[in-house]
Amino acid sequence: MVIVEETPKIPTQDQEKLTEEIERLYTNLSILGWNIEACEAIAPYTLRINTLKKEKGIKILAHSYQTADIIFGVADIVGDSLALAKRATEIEEDTILLCGVDFMAETVKILNPEKNVFVPSKGRDCTLADSITGEDVRKLKEKHPGAPVVCYVNTTAEVKAESDICCTSANAQKIIESLESDTVIYLPDENMGKNLAEITGKNIITWRGYCRTHHALTTNRLEKLLKDPNVKTFAHLECRPEIIQSVDLHGGTGDMNKLAAESSNGDKILFLTEQGFIDRMKIEYPDLKFSDSHMICVSMKRNDIFSVYKIVENLTLENKIELDEEIRKKAYKAVKRMLKY
Ligand code: 13P
């Protein structure tokens, strides 16, 4: 049996505008090897999405791990987890479409309860966010009374609600260092917990959670990626401690972006993080030489330009983020505190 799904239909569009859109897309995406036919195939969708978002008052936020057609085709704001959370508080539009994973959209909703927040493809499958529950945090607090709880942003609203302060890879170090206590509960990323203990010198009680994308990078794999000794290596804090110890720099994708912005033409960089970020850097900094990490987050890649188109066309309830108001209010305190760093 063969089942052919119907391709979303788009109203006829102005040919001149379509030609301009194809050229706009090709200028950026050809850097990654997209040919003109591929740009022709998605141009009707990006053009329609860009028209609809203005008509309907929708702002599109995209994490740097999204595919380049979303980032360069339709996103209004692109960034790391911290930048997206901060920028989401400055949006005038009533509706926000967060192209990323669910916990990022939940963070936006925690901060903006009056807004309608949607995701293109809903499905809770960030291995970090899925690794721990609010009940787990309550038990940890009973076991270690007095230790402040710092939760990584890759957690559910329920876990944030049980935490004292939230953090991202961009401010985890600063936040842990700012706490008076020498012992800190940091969850749920075990690699990050160990890395932050080494960096800050604090006692960290952590949790058995991993980002499957960064945890999959072993030293063996890194050796194979490192073909050129002149390449600067920069690993995401979610990588294993042995990776962090063997690279030149570590941090989050926001820090990586800063390094790219400060680099000189011809510099060679290997970012050990999701490939979508590297693709973004290749387009934004064509004079630098970026090696591929080939690290793919399948949860981030659930979104594509067609799912973005479908949700912008029809804002369905099943893609809407809804939170229990009591949980949201408690989580708000931890997230709001994070924005100061
Ligand atoms: P940053 O956006 O803080 O770099 O991290 C994103 C992330 O979720 C990595 O798994």
Side-chain angles (χ1 to χ4, degrees), residues 61-67 70-71 75 77-88 98-108 111 119 123-132 150-157 159-160 165-176 186-193 195-196 199 206-207 209-217 234-240 243-244 247 249-261 269 271-281 284 293-303 335 338-339 341:
L61 273 58
H63 189 270
S64 300
Y65 292 166
Q66 294 294 284
T67 51
I70 293 180
I71 292 182
I77 298 172
V78 181
D80 67 330
S81 306
L82 186 62
L84 292 182
K86 286 185 174 169
R87 295 288 302 278
L98 191 294
C99 299
V101 278
D102 291 8
F103 74 79
M104 294 180 174
E106 281 191 7
T107 307
V108 169
L111 289 163
V119 283
R124 142 137 308 131
D125 67 351
C126 165
T127 50
L128 281 169
D130 292 349
S131 72
I132 190 161
V150 181
C151 73
Y152 194 32
V153 71
N154 299 38
T155 45
T156 59
V159 166
K160 290 182 175 84
I165 184 163
C166 183
C167 74
T168 76
S169 60
N171 57 15
Q173 179 182 343
K174 264 190 241 156
I175 286 177
I176 290 177
Y186 179 80
L187 44 88
D189 189 324
E190 183 178 339
N191 286 334
M192 257 183 111
N195 293 331
L196 289 163
I199 296 165
T206 188
W207 189 254
Y210 301 99
C211 159
R212 66 185 150 198
T213 309
H214 291 90
H215 191 65
L217 180 71
F234 195 143
H236 198 282
L237 276 176
E238 291 172 11
C239 291
R240 295 166 186 253
I243 298 287
I244 298 294
V247 294
L249 297 157
H250 51 72
T253 55
D255 305 300
M256 294 178 185
N257 199 353
K258 271 184 221 140
L259 175 76
I269 311 173
F271 287 128
L272 295 162
T273 195
E274 217 274 345
Q275 182 65 35
F277 174 77
I278 297 161
D279 290 345
R280 179 187 159 200
M281 292 298 103
E284 290 185 10
S293 71
H294 305 288
M295 292 160 69
I296 302 292
C297 172
V298 288
S299 309
M300 285 281 180
K301 265 45 186 186
R302 258 192 339 239
N303 301 326
V335 177
M338 162 183 96
L339 299 187
Y341 292 87

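Order of appearance sets the numbers: ligands from 1, and atoms from 1 within every ligand. These numbers were taken from a predicted model, which means no experiment stands behind them.
Counting protein heavy atoms only, atom 5 (O) of ligand 1 is closest to His236 NE2, 3.3 Å. The protein atom (non-hydrogen) at minimum distance from atom 4 (O) of ligand 1 is Thr253 OG1, 2.6 Å. If you check which protein heavy atom lies closest to atom 8 (O) of ligand 1, you get Asn154 ND2, 3.1 Å.
The aromatic rings of Phe271 and Phe277 lie perpendicular to each other, with more than 60° between the two planes, well past the 30° mark.
Near Ser169, meaning under 4.0 Å from any of its heavy atoms, are these atoms of ligand 1: 1 (P), 3 (O), 4 (O), 5 (O). For ligand 1, the atoms sitting less than 4.0 Å from at least one non-hydrogen atom of Asp80 are 2 (O), numbered in the order shown with element in parentheses.
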ask   = Given Ser64 and Arg280, is the side chain to side chain donor-acceptor pair (under 3.5 Å) satisfied, shown in steps?
value = CA-CA 7 Å; Ser64 300; Arg280 179 187 159 200; 2.8 Å; yes

inquiry  = salt bridge (charged side-chain N to carboxylate O under 4.0 Å, His left out), that's the test. Do Asp102 and Arg302 meet it? Break it down for me.
reply    = CA-CA 11 Å; Asp102 291 8; Arg302 258 192 339 239; 3.6 Å; yes

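Around NZ of Lys174, the count of heavy atoms belonging to other residues, nucleotides or ligands within 6.0 Å does not exceed 12.
To the nearest 0.5 Å, atoms CG (Leu82) and CG (Leu339) are separated by 7.0 Å. Once rounded to the nearest 0.5 Å, the distance linking SG of Cys126 with OH of Tyr152 reads 8.5 Å.
Using a 4.0 Å cut-off between heavy atoms, His63 contacts ligand 1 through its side chain alone, with no backbone atom that close.
Taking all heavy atoms of Met192, Glu238, Arg212 into account, the minimum distance to atom 7 (C) of ligand 1 is reached by Glu238.
Using a 4.0 Å heavy-atom cutoff, Tyr65 is listed among the residues neighbouring ligand 1.
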